[in-house]
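To start, the structure itself, in structure tokens.
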Amino acid sequence: QVRLVESGGASVQAGESLRLSCAASGNIDSTHYMAWFRQAPGKEREGVAALYTRGRQTYYADSVEGRFTISRDNAKNTLDLQMNNLKLEDTAMYYCAADTRGYSLGWKQLRGANYNYWGQGTQVTVSS
């Protein structure tokens, strides 16, 4: 079992930065990948960024490449998402997820179905 709790969501203006954090607890050594997803009203869930927890590989959606950075603090057991130069289209509920089954190994690391543990989400709203 892995428990994930997100924090850091807020309302910001376009161009500003925000850092999301996901506190992980439980059997976190069982994870292969951890990731951030987002879902805007009326839209499908989108994989934003993923990190291979047993190495250092990271993966990003084209829409956030160069603006967002995913990282893990092993000492604090947190997964962070640094979001810079936020855009209106970044408005969404952001979710932290963990893959403990290894479904993401070598394949579609931003595919939601690969992840079997999810947090409750934290809202990010970007306004002009």
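Numbering of residues begins at 1 and proceeds along the displayed sequence.
What you find for A40 and T91 is that their closest heavy atoms are CB-O, 3.6 Å. Closest non-hydrogen pair, A98 versus T31, comes out as CB-CG2, 4.0 Å.
Scanning for side chain to side chain donor-acceptor pair (under 3.5 Å) contacts around E46 gives R38, S63, with sequence neighbours left out. Residues meeting the side chain to side chain contact (heavy atoms under 4.5 Å, CB included) test with S127, sequence neighbours left out: Q13. Annotation: ring-ring contact (aromatic ring centres under 6.0 Å, His included) contacts of F37 (sequence neighbours excluded): Y115, W118. With sequence neighbours excluded, no residue forms a side chain to side chain donor-acceptor pair (under 3.5 Å) with T69. The salt bridge (charged side-chain N to carboxylate O under 4.0 Å, His left out) check on R111 picks up nothing, with sequence neighbours excluded. Residues passing the side chain to side chain contact (heavy atoms under 4.5 Å, CB included) test with R101 are D99, Y103, N116, sequence neighbours excluded. Legend: residues meeting side chain to side chain contact (heavy atoms under 4.5 Å, CB included) with L110, ordered by chain and number and at least two apart, are A50, A61. A search for ring-ring contact (aromatic ring centres under 6.0 Å, His included) contacts involving Y52 returns Y33, not counting sequence neighbours.
Remark: side-chain polar atoms of Q109 are paired, donor with acceptor, to backbone N or O of S104 under 3.5 angstrom. With hydrogens and angles ignored, the 3.5 Å screen pairs a side-chain donor or acceptor of E6 with a backbone N or O of Q120.
Identified under the disulfide bond (SG atoms under 2.5 Å apart) test for residues 23-56, with sequence neighbours left out: none. Counting only residues at least two apart or in different chains, disulfide bond (SG atoms under 2.5 Å apart) contacts with residues 17-125 comprise C22-C96. Among residue pairs with one or both ends in residues 74-88, those qualifying as side chain to side chain donor-acceptor pair (under 3.5 Å) are S17-N84, R19-D80, R19-Q82, S21-D80, R72-N74, Q82-N84; sequence neighbours excluded.
In the hydrophobic clustering (ILVMFWY side chains linked at under 4.5 Å, chained through shared members), L20 is joined by V2, L4, V12, L18, I28, M34, W36, V48, L51, Y60, V64, F68, I70, L79, L81, M83, L86, L88, Y94, Y117, V124, V126.
To the nearest 0.5 Å, the span separating CZ on R54 from CG on L105 amounts to 8.0 Å.
When the shell of 6.0 Å around CZ of R3 is examined, it contains 12 or fewer heavy atoms from other residues, nucleotides or ligands.
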